[in-house]
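We count residues from 1, following the sequence as given. Since the model is a prediction, treat every value here as computed from it, not as a measurement. Values below: all heavy atoms of this structure, side chains included; hydrogens, waters and symmetry mates excluded. Order of listing sets the numbers, starting from 1, for every ligand and every atom in it.
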Amino acid sequence: MKITIYTLFPKMFDGFLTNSIIKRAISKKVVQIKIVNIRDYTKDKYGRVDTPPVSGGAGLIMKCQPIVDAIKNNNGYKILLSPRGKTFNEDKAKALAKKKEIALICGHYEGVDERVNKYVDELVSIGDYVLTGGEIASMAIADSVIRLLKGAITNTSLDNESFNDNLLEYPQYTEPYNYKGAKVPDVLYSGNHKVIDRYNRKMQLKLTKKYRPDLFRKIKLSKEDLRLLNEDEYTKLELAAIKKGKKYIPH
Ligand code: 6GU
């Protein structure tokens, strides 16, 4: 895949391009990233790329000409980073990861001349807050897309992670068993992968239900999922039943 990022601040990408996974993806030719300085395309006699809006008012608005000329010969799918755009998510990352070429165009927070919009395919935001520019948003998008590309990371890392099937990731632990009184769940030492898988699925369901009820509502729960969700409840009821000398039969 080829990703071209158009920006007035190319230096902001130095760290991004030299971090381990992105750097490795570039050297393995999984992705080709080009950073283009929009300023190189201005035809303004004073070299301006932004000016105050025609109606007056605060801030500098990015001009049409440098942006449009910079992206003119790019045949990729063009995204203008803008707080007004549709909010980015993992499904969008997956859709973009299928494309051969994408262009990410970074705007100022004060804005971009409205007429640039018709030269791009889509406006995208990364969330409901305002950044000083589209640069960090473009890095977030590029990062999430690159890690989905074949060969960028080991594929097993992609299987059980947050947002697959609208489920959050299950908790993971490292040694020691007991850290300041907080213990690793014993089941994870059982060596029984069926039991561990079931436990992890249950934790995914419970954590998503608790922390992201909006995602939880979208999950198509299987009978087994419902059973897992109710398991602790049954155990409590079961114990109560046993205490009373009865056999508890869940239904
Ligand atoms: Cl894409 N740009 C800016 N300036 N702010 C944002 C954003 C984009 N997404 C969220 N906030």
Starting from [atom], locate the nearest protein heavy atom and write down its residue, its atom name and how far away it is, to 0.1 Å.
{"atom": "atom 4 (N) of ligand 1", "value": "L131 O, 3.1 Å"}
{"atom": "atom 1 (Cl) of ligand 1", "value": "S82 N, 3.1 Å"}
{"atom": "atom 2 (N) of ligand 1", "value": "P83 CD, 3.7 Å"}
{"atom": "atom 6 (C) of ligand 1", "value": "Y129 O, 3.5 Å"}
{"atom": "atom 9 (N) of ligand 1", "value": "I126 N, 2.9 Å"}
{"atom": "atom 10 (C) of ligand 1", "value": "G127 O, 3.1 Å"}

| message | Can you tell whether the side chains of E101 and K34 come within less than 4.0 Å, N to carboxylate O? | response |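 Not counted as a salt bridge, because no side-chain N and carboxylate O are separated by less than 4.0 Å.
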
If you compare all heavy atoms of [X] against all heavy atoms of [Y], which two are closest, and at what distance to 0.1 Å?
{"X": "R24", "Y": "A152", "result": "NH2-O, 2.8 Å"}
{"X": "M203", "Y": "P171", "result": "CB-CD, 3.6 Å"}
{"X": "S138", "Y": "L104", "result": "O-CD1, 3.6 Å"}

| Atoms in ligand 1 flagged as close to S125, the criterion being non-hydrogen separation under 4.0 Å | 1 (Cl), 9 (N), 10 (C)

| Interfacing atoms of ligand 1 (cut-off 4.0 Å, heavy-atom, V124) |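 Listed by number with element: 1 (Cl).
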
| said: Could you go through D69 and K43, starting from their C-alpha distance and side-chain angles, then the distance that decides it, and tell me whether this counts as salt bridge (Lys or Arg N to Asp or Glu O under 4.0 Å)? | reply: CA-CA 10 Å; D69 282 352; K43 288 180 180 155; 3.1 Å; yes

| When you measure from the side chain of Q65 to the backbone N and O of Y41, does any donor-acceptor pair fall under 3.5 Å? | yes

